[in-house]
Amino acid sequence: MRLSRLIGQRIKETPRDAQTASHIFLLRGGYARPVSTGIYSLLPLGTRITAKIEAIIREEMNRIDGQEVLMPVVLPEELWEESGRARSVGSELLRFEDRNGKPMLLGMTHEEAVVHLARTEVNSYKQLPFVLYQIQTKYRDEARPRAGLIRVREFTMKDAYSFHATQDDLDQYYERAHDAYVRIFNRMGMHDVASIQSDTGMMGGAVSHEFMAIAESGEDTIFMSPKGQYKANRDIAIANVHFKKEDPLPLSKVHTPGQQTIEEVAAYLGKQPADTGKAVFYLDGDDNLIFAMIRGDFEVNETKLKNYLQTSAIRFADDAAIRRAGAEPGYASPMDLDAESVRIIVDRSVAESSNLVVGANEADYHYENFNFERDLDAGEVTDIAVVRPGDPCPVTGQPLQMKRGIEVGNIFQLGTKYTEPMKCTFLDPNGVAQPMIMGCYGIGVGRSMAAVIEQSHDEYGPIWPIAIAPYHVHICVLNPNKPGVSEMAEHLYRELHNRGVEVLLDDRGEKAGFAFNDADLIGIPLRLIVSPKNVAQGKVEFKTRDGGQREMFDADNVVDIMAAMVDDLLAYSAGE
RNA sequence: CGGGGCGUAGCGCAGCCUGGCUAGCGCGACUGCUUUGGGAGCAGUAGGUCGGGAGUUCGAAUCUCCCCGCCCCGACCA
């Protein structure tokens with residue numbers, strides 16, 4: 001490709017709307033353009049990169065017995081009524097009617113569609129297991145798209161679905177899929193990807209992992225032990241905090257005028273937040289009141305609480321609801337509550353600590369020396385705490401580290417969540433109909449491209465790993481009008497192309513600085529520089545985008561050298 | 001959905017508070033000449049419903065109201 005013909009302007013100045021590295025460089029380098037909030041067109045460079053990412057994914061999915069299919073983006077709502085998700089998924093799902101008034105929707109994920117396929121094509125245990133995957137557009141009406149391609153509304157996703165006769169078979173395939181994912185992200189050139197335990201959310205199912213590209217701009221928070229023996233999303237992370245048990249002191253009511261927050265009460269009584277108990281009231285989807293109690297120095301993890309309560313949505317309760325249960329906002333106590341109208345959930349931090357300050361259910365009063373076992377004969381004890389950086393790892397006991405990550409892939413064991421309601425069954429050897437057991441496996445393609453930039457860039461632009469770079473070699477031509485220069489450049493361009501090397505030729509004759517800066521922004525890993533000075537000496541200058549190598553090659557053998565180098569690098573990154 | 005910011009040429013911005021002639025600047029684009037190893041110089045050219053609508057006014061980019069769009073934080077998120 002000649003740069004003079006390439007569509008997609010480089011932009012010198014940082015666009016006002018872009019903040020993160022990938023967003024800035026995807027716009028500045030001419031890879032992608034915004035069309036609407038969270039909706040982008042890919043320009044030729046971006047399209048080449050995503051095509052290479054998709055090719056890697058295809059190879060690896062085929063290697064683990066995936067069969068590629070293509071399911072529709074537009075689906076009838078009735079299919080989602082069968083699974084129950086027409087009701088359970090909210091406004092993220094874009095719904096509309098076709099010309100006949102039939103309810104339709106845009107697929108945000110394709111469990112229903114693939115189950116529809118599976119049940120029509122497969123009916124015997126002899127056909128199991130099998131794996132279908134597609135690389136297809138998804139639409140989610142995100143409440144808040146952000147950071148360029150990292151969180152968008154319309155996006156390309158590889159989604160795979162496996163179908164099994166037994167849980168054991170699913171377990172085995174799940175491991176293979178996990179290994180394939182590790183290979184895929186390695187081959188893309190992501191150098192820091194963690195597979196972590198995660199919440200299963202609306203997908204349902206029991207076991208799941210998220211693949212997180214570690215990056216400051218990531219929107220997920222991860223806790224991990226220093227050597228990675230334990231890794232989990234903050235939503236479900238646990239810590240092995242030891243709480244101090246002391247001899248219970250007598251319960252006593254103290255006057256705490258105007259002191260409502262944990263900080264105020266602790267300071268007023270000369271104590272630490274860790275010496276207090278915090279009351280947080282929630283309402284679940286059916287407006288049932290939940291009293292969550294946790295030690296004052298912790299926060300309630302709403303995901304853990306939701307999972308424990310087996311409810312899909314909770315929200316903070318208003319003061320009126322709190323008073324109806326007999327509690328006093330700001331001074332709420334777990335004691336003396338109407339156990340009929342409120343469900344009391346007590347975090348381990350409260351149950352296993354002693355002599356805490358808690359509310360007295362009376363304005364301007366607290367109790368000192370609350371002890372759960374002695375003073376409360378109600379409540380369910382569980383872990384509803386948000387892990388904090390430095391809390392002890394549940395596996396090693398070492399301080400947990402907090403990191404940010406971009407979720408580039410995930411894998412779920414769905415079980416029969418979809419196959420049962422949608423009657424996707426097979427006949428087992430005994431002739432008995434059984435629901436198929438399912439797993440699903442996703443990778444965000446555009447998000448992966450953005451994640452690679454987040455992990456691999458400098459102040460000038462992206463530094464593409466060769467496996468997904470839009471081209472392998474970038475030829476900068478300086479002073480093409482001087483004798484022999486453009487001839488040399490055209491010769492290299494032609495010969496490298498004939499050797500199967502993908503070459504971008506900057507034939508514009510721009511000033512050196514201009515050409516180099518564009519080359520940096522395009523980020524192709526290998527660069528050749530053809531200039532009058534080099535041509536006169538029969539040389540071609542070589543350098544790598546990351547600055548690691550810089551060398552003069554003889555013009556006579558530069559084609560051989562470069563072709564071999566590209567082959568070696570590609571083979572290496574493919575793990576061969 | 002809550003909070004904040006922004007909308008003037010392809011991009012980045014000034015002008016707005018305190019209304020006033022043909023709405024400016026830098027970059028980019030186009031033409032010509034000169035230049036050529038880290039974003040060149042000179043000369044010239046094109047490019048604008050000042051986000052949209054209504055209102056106030058002799059007069060609105062500027063003031064008022066309504067709407068729309070975009071970005072950031074939060075809520076939410078397979």
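Numbered from 1 within each chain, the chains take letters A, B, ... in sequence-line order.
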Legend entry - Spacing between A/K12 atom NZ and B/G38 atom C1', to the nearest angstrom: 12 Å

Inset, instruction - Starting at CD of A/E54, measure out to OG1 of A/T156 and round the result to the nearest 0.5 Å. - result: 6.0 Å

Inset, instruction - Hey, which sits more toward the 5' end of RNA chain B by its nearest nucleotide, A/I529 or A/F155? - result: A/I529

Legend entry - Whole-Å P distance, B/C13 and B/U18: 25 Å

Legend entry - Close approaches to RNA chain B from residues 28-35 of chain A, in residue order (heavy atom, under 4.0 Å): A/R28

Inset, instruction - Report which part of the nucleic acid A/P480 touches: base, sugar-phosphate, or nothing (heavy-atom distance under 4.0 Å, all strands). - result: nothing

Inset, instruction - Quick one: look up who B/C1 pairs with, Watson-Crick or G-U, both distances under 3.5 Å, and put none if it's unpaired. - result: B/G74

Legend entry - Shortest non-hydrogen separation from A/R28 to A/L521 and the atoms involved: O-CD2, 3.6 Å

Legend entry - Euclidean distance for P, B/C68 against B/G10 (whole angstrom): 25 Å

Legend entry - Separation of the C1' atoms in B/A61 and B/G48, to the nearest angstrom: 11 Å

Legend entry - Integer angstrom distance from the C1' of B/C21 to that of B/G26: 25 Å

Legend entry - Spacing of A/M438 atom CE and A/M436 atom CE [to the nearest 0.5 Å]: 10.0 Å

Inset, instruction - Could you tell me whether the phosphate oxygens of B/C73, OP1 or OP2, come under 4.0 Å of any side-chain nitrogen or oxygen in A/R144? - result: yes

Legend entry - Integer angstrom distance from the C1' of B/A9 to that of B/C50: 10 Å

Pairs: protein N or O with nucleotides 7-14 of chain B N or O, under 3.5 Å:
unit_1: B/C11; atom_1: O2; unit_2: A/E13; atom_2: OE1; d: 3.4
unit_1: B/G12; atom_1: OP1; unit_2: A/R16; atom_2: N; d: 3.0
unit_1: B/C13; atom_1: OP2; unit_2: A/R16; atom_2: NE; d: 3.4
unit_1: B/C13; atom_1: OP2; unit_2: A/R16; atom_2: NH2; d: 3.4

Inset, instruction - Assign each of A/Y40 and A/N534 to its nearest nucleotide of RNA chain B by heavy atoms, then name whichever residue's nucleotide is nearer the 5' end. - result: A/N534

Inset, instruction - Among the candidates B/C72, B/G39, B/U36, find the nucleotide nearest to the side-chain atoms of A/Q19. - result: B/C72

Legend entry - Side-chain donor-acceptor contact under 3.5 Å, A/Q549 with A/T544: no

Legend entry - By side-chain contact (heavy atoms from CB on, under 4.5 Å) - contacts of A/A512 (at least two apart): A/L478, A/F516

Inset, instruction - State, without any angle test, whether A/Y133 and A/R58 hold a side-chain donor-acceptor pair at a distance under 3.5 Å. - result: no

Inset, instruction - May I ask which nucleotide in the shown strands pairs with B/C65, Watson-Crick or G-U wobble, both distances under 3.5 Å? - result: B/G53

Legend entry - Sequence neighbours excluded, every pair satisfying salt bridge (charged side-chain N to carboxylate O under 4.0 Å, His left out) that has a member inside residues 523-543 of chain A: A/D520-A/R527, A/K539-A/D554, A/E541-A/R550

Legend entry - Nearest-neighbour nucleotide for the A/R146 side chain, B/C76, B/G37, B/U36 considered: B/C76

Inset, instruction - May I ask which nucleotide in the shown strands pairs with B/A60, Watson-Crick or G-U wobble, both distances under 3.5 Å? - result: none

Legend entry - Set of residues satisfying side chain to side chain donor-acceptor pair (under 3.5 Å) with respect to A/D171, sequence neighbours excluded: A/Q167, A/Q413

Legend entry - From CE (A/M108) to CZ (A/F155), nearest 0.5 Å: 8.0 Å

Inset, instruction - Pick base, sugar-phosphate or nothing for A/D520, based on heavy-atom distances below 4.0 Å to the nucleic acid. - result: base

Inset, instruction - Provide, to the nearest angstrom, the distance between the CE atom belonging to A/M552 and the P atom belonging to B/G37. - result: 15 Å

Legend entry - P atoms of B/G19 and B/C25, separation to the nearest Å: 24 Å

Inset, instruction - Flag the pair A/Y471 / A/L45 as yes when at least one side-chain heavy-atom distance between them is below 4.5 Å, and no otherwise. - result: yes

Inset, instruction - State which residues pass ring-ring contact (aromatic ring centres under 6.0 Å, His included) with A/F223; sequence neighbours excluded, sorted by chain then number. - result: none

Inset, instruction - For the side chain of A/A143, starting at C-beta, report the closest nucleotide among B/G37, B/G39, B/A75. - result: B/A75

Inset, instruction - Please determine, by modelled atom types, if A/E210 and A/N233 share a side-chain donor-acceptor pair under 3.5 angstrom. - result: yes

Legend entry - Inter-nucleotide P distance (B/A60, B/U56), Å rounded: 11 Å

Inset, instruction - Quick one: label A/A519 by what it contacts on the DNA or RNA (base, sugar-phosphate, nothing), any heavy atom closer than 4.0 Å. - result: nothing

Legend entry - Atom C1', compared across B/G47 and B/C73: separation rounded to whole Å: 37 Å

Inset, instruction - Measure from the side-chain heavy atoms of A/K511 and tell me the nearest of B/G39, B/C71, B/A40. - result: B/A40

Legend entry - Assigned partner base of B/G32, Watson-Crick or wobble definition, under 3.5 Å: B/C42

Inset, instruction - Examine the base of B/G37 for any acceptor or donor lying under 3.5 Å from a partner atom in the side chain of A/K543, and report the outcome as yes or no. - result: no

Legend entry - Among B/U36, B/G38, B/G39, the one nearest A/D518 by side-chain distance: B/G39

Legend entry - For B/G47, the Watson-Crick or wobble counterpart (both distances under 3.5 Å): none

Legend entry - Complement of B/G26, any strand, by Watson-Crick or G-U distances under 3.5 angstrom: B/C11

Inset, instruction - Give a yes/no answer on whether the side chain of A/S531 brings an N or O atom under 4.0 Å of OP1 or OP2 in B/U36. - result: no

Inset, instruction - Examine the base of B/G28 for any acceptor or donor lying under 3.5 Å from a partner atom in the side chain of A/Q9, and report the outcome as yes or no. - result: no

